[in-house]
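Protein chains get the first letters and strands the later ones, always in sequence-line order, with residue 1 at the start of each. Below, all heavy atoms of this structure are taken into account, side chains as well, without hydrogens, waters or symmetry copies.
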There are 4 protein chains.
Amino acid sequence: MKTSTFEKLTEDKQIAILDAAAGVFAQKGYFQAGILELCTATGISNGAMYKYFENKQGLYITVARRTMELLQTAANRMAAGQMNIWQRMQRILEEVVPFTTLYRDYFIVYMDLGSPSMDIFAAELSDDFERQSFVFFCRLIEEARLNGEIRPGIATETAAYFLDNHLMLFAFSCVSKHYDRRFHQYFAKDAELLESDQKIRLIMQSFRQLLG
Amino acid sequence: MKTSTFEKLTEDKQIAILDAAAGVFAQKGYFQAGILELCTATGISNGAMYKYFENKQGLYITVARRTMELLQTAANRMAAGQMNIWQRMQRILEEVVPFTTLYRDYFIVYMDLGSPSMDIFAAELSDDFERQSFVFFCRLIEEARLNGEIRPGIATETAAYFLDNHLMLFAFSCVSKHYDRRFHQYFAKDAELLESDQKIRLIMQSFRQLLG
Amino acid sequence: MKTSTFEKLTEDKQIAILDAAAGVFAQKGYFQAGILELCTATGISNGAMYKYFENKQGLYITVARRTMELLQTAANRMAAGQMNIWQRMQRILEEVVPFTTLYRDYFIVYMDLGSPSMDIFAAELSDDFERQSFVFFCRLIEEARLNGEIRPGIATETAAYFLDNHLMLFAFSCVSKHYDRRFHQYFAKDAELLESDQKIRLIMQSFRQLLG
Amino acid sequence: MKTSTFEKLTEDKQIAILDAAAGVFAQKGYFQAGILELCTATGISNGAMYKYFENKQGLYITVARRTMELLQTAANRMAAGQMNIWQRMQRILEEVVPFTTLYRDYFIVYMDLGSPSMDIFAAELSDDFERQSFVFFCRLIEEARLNGEIRPGIATETAAYFLDNHLMLFAFSCVSKHYDRRFHQYFAKDAELLESDQKIRLIMQSFRQLLG
DNA sequence: GATGAATGAGGCTTCATTCAT
DNA sequence: TATGAATGAAGCCTCATTCAT
């Protein structure tokens, strides 16, 4: 039972290190992030870095895993509560904002993971999160359907994929200029900068218009 | 008025070079692609490379610009024709497949451009394509609305953003394992590998269910 | 009078440590052997390593010293007995085999010590062994000469150096592919793998032919 | 037919580089020789180093190959002439001295190659030289036997191996303190420093005493 | 005395870019 | 203009050694 040196640190320290590393990875991307830079940011020495993690890749994977955990946890929290589908989606969208604020760096790492050049990490990273969010949205729709909250004639997957896409791209827009601009193009032609809650209102309208 | 040496090449040669470069960038990503590798792939010498382009970034931007042109051209071609909205969307989706096959490498470059670490190129690259696809989808919906092809009560932007998202993520799924898996999770739980036309059928169902 | 911590260990432990270290040094050579590797092999902690020995070089020298002691001891044992020169040489050669088997690692360390890049250790290591083996062979020859066992007209040093060389290179050949190949080239052209006792027979023939 | 960048240099330059590299390798050994040190010594930049050779190992192997060539050439030159065996051996020994002086560094590299930790290079380096020196000595003995220059009753291999060993160890002694000390112990007990020609005289005496 | 975490200099190698031909 | 050799900064990683516990 060989616990790596990193795992022996207090959880606080571990998190502090991963947070700092996530910051660097978010700002520069995996390939542009230098080991020395990561050392400075995390406040650990070059040598310690390689005691804690096998590799730069090892560090990145650990950060990515924490990313998944955070998403998972957040998703679970968002999923709670017994309201109707509109209230639940509203709440979920509202939770996205603090999440992408608080865990901005991790979320950017998550975005990057979708990019083709990051496929090298696919093997090392489970996609539990994606799987569970699929389950979650399907269930959400099913329940809503039972409660007559959504129009009939809509397949569960159709609706679930729609919600998931919208949520994902909203979250992306909270963190990436590119996706923010895209969102604005559709919903705020006139260059006014949308507040998050305005965005949410618009998204909720979409939901209601297409599903309600 | 400094015409770069590259522009003096025959267009065929220019395209051949950019194609080859796109291949390398697609496979390895911008940062992992080495200049020498790009030289070998494009068949031009190290020295010529720096005569043709200011530097690696210059080459990348040229590739990215061609990417945008190709997308633009394809979009224009897709947009043509005077059918009803379902036929048009069907046709657009069907065009996505050969496009992402023929210009696979360019399309991967396009995907990468959305990733946060590529923001460094944002300034150099116009987002005409995104702007025009916005215009296109809005117009499409407006016309469909006039023809009574879509349900009333749906805001133009809502529907246009919905179509655009779906289209984008479908195209992504043609090229990226990550997005393909995501699509399958929703529409083909039981691991069977979907052919493109099956995917298209499913997407068209979504469109009809939510907009029709 | 500072007795190092190492010397306070039981002799068994000391030997076990040196044996393990010799194993690593033999396999990788001094420069390629890592301290951590040596720690693992010897079963002592990184910290203890530096309590026991001043540094890596200190450990190596201790191993080298034990090497010399072992050679010395073996040589003394081999030298015993009151037979004629041929019997004695035969016996010595026969003892070489178990020695280079049992103390293979130490003997490889000994070989390495002859290599120019190990001259840095020359100052720290007495050459008692070499001196004594010189004395031994000279005496052996002198006695043989008195007993009329060797041809007249051969200077003592000539014969002694000859025996020593042969013995040394035989021992090398027991442990090093390079010297084994060399031996085979001369005495077993036809690629058959010689057993040690065959080698010994051939060497004894040499002795008899040149000295007898 | 891809000629490496190194091979495009003038032969003089190539040799100058290898000479300088051999100097560093001889002084410090393969593992202790640093790339930067090798760059400085050879007068080529870090970058060029890796254009010329795949590796530090690649450079070393090139040096080692030149070593073998030099030995080969020297051996061929030494082998020439139609004298009796004593004159020929005398001449060979006499040639050893300028060779180990002129090509001292290469010869030290050659010595190092026999050490167990250099076995990693065995695969890359042919042992043509060793093979040919075997052939050479056997032939030498055979001819001498025909001319009645050596005692009857001595097997060819016995004598050839004897000559080869003596020659090798003499050459070693020209270059290595360790082997020089060993030689002196046998032939110059009284610490007087032997000149090369004195050594040669002693060796020739050995030859005559044992073979003549 | 023993442990093993921490250190940081230094190792080898890559790579974008420049420059002589 | 075209070539490809040369450059050297910077990258990732290892390792002998020190030091706090």
Side-chain angles (χ1 to χ4, degrees), chain A residues 2-9 13 31-40 43-59, chain B residues 4-6 8-9 30-40 43-60, chain C residues 4-6 8-9 30-40 43-60, chain D residues 2-9 13 31-40 43-59:
Chain A
K2 191 179 54 181
T3 19
S4 99
T5 312
F6 180 65
E7 284 159 6
K8 286 186 199 153
L9 298 176
K13 257 189 189 153
F31 295 110
Q32 288 302 94
I35 283 284
L36 263 59
E37 198 175 3
L38 287 160
C39 287
T40 312
I44 63 188
S45 75
N46 194 342
M49 184 86 257
Y50 282 85
K51 280 271 191 325
Y52 289 174
F53 308 98
E54 200 184 344
N55 249 344
K56 181 175 161 183
Q57 171 162 344
L59 168 60
Chain B
S4 95
T5 318
F6 179 65
K8 287 186 195 151
L9 298 176
Y30 174 71
F31 295 110
Q32 290 301 92
I35 281 282
L36 264 61
E37 197 177 3
L38 288 159
C39 288
T40 312
I44 63 188
S45 76
N46 192 346
M49 185 87 254
Y50 280 83
K51 285 276 195 293
Y52 291 173
F53 308 98
E54 199 184 344
N55 50 26
K56 183 174 161 185
Q57 174 162 343
L59 168 60
Y60 188 73
Chain C
S4 97
T5 317
F6 179 64
K8 287 187 197 151
L9 297 177
Y30 174 70
F31 295 111
Q32 290 300 93
I35 280 283
L36 264 60
E37 198 177 1
L38 287 161
C39 288
T40 311
I44 63 187
S45 75
N46 191 345
M49 185 86 254
Y50 281 83
K51 285 276 195 294
Y52 291 173
F53 308 97
E54 199 185 343
N55 51 26
K56 183 175 160 184
Q57 174 162 342
L59 168 60
Y60 189 73
Chain D
K2 191 179 54 181
T3 19
S4 98
T5 313
F6 179 65
E7 285 158 6
K8 287 186 199 149
L9 298 177
K13 258 191 187 151
F31 295 111
Q32 287 303 92
I35 283 285
L36 262 58
E37 197 176 3
L38 287 160
C39 287
T40 311
I44 63 187
S45 75
N46 194 342
M49 185 85 254
Y50 282 85
K51 281 271 189 325
Y52 289 174
F53 308 97
E54 200 185 342
N55 250 345
K56 180 175 162 184
Q57 172 162 345
L59 168 60

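Scored by the side chain to side chain contact (heavy atoms under 4.5 Å, CB included) test, C/Leu36 finds C/Asn46 as partners (sequence neighbours excluded). Every residue meeting the side chain to side chain donor-acceptor pair (under 3.5 Å) condition with B/Glu37, not counting sequence neighbours, appears here in chain and number order: B/Lys28. Residues passing the ring-ring contact (aromatic ring centres under 6.0 Å, His included) test with A/Tyr50, sequence neighbours excluded: none.
Under the 6.0 Å distance and 45° angle rule, D/Lys56 does not count as a cation-pi partner of D/Phe31.
Listed pair D/Asn55 / E/dC12 fails the phosphate criterion, with no side-chain N or O lying under 4.0 Å from OP1 or OP2. Taking only side-chain nitrogens and oxygens, B/Tyr50 comes nearer than 4.0 Å to OP1 or OP2 of E/dT17.
We find that CZ of C/Phe53 is positioned 16 Å from C1' of F/dA16, with the value rounded to whole Å. The CG atom of D/Leu59 sits 14 Å away from the C1' atom of E/dT13 (whole-angstrom rounding). If you measure from atom CG of C/Leu38 to atom P of F/dC15, you get 11 Å, rounded to the nearest angstrom.
The strand DNA chain E forms stems, runs of 3 or more Watson-Crick or G-U wobble pairs with distances below 3.5 Å, at E:2-21 with F:2-21.
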Item to check | Letter per nucleotide, 5' to 3', of nucleotides 1-11 of chain E [B base touched, S only sugar-phosphate touched, - untouched; heavy atoms, 4.0 Å] | outcome: SBBBBSBBB--
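Taken to the nearest 0.5 Å, the CG atom of D/Leu38 stands 10.0 Å off from the CZ atom of D/Phe53.
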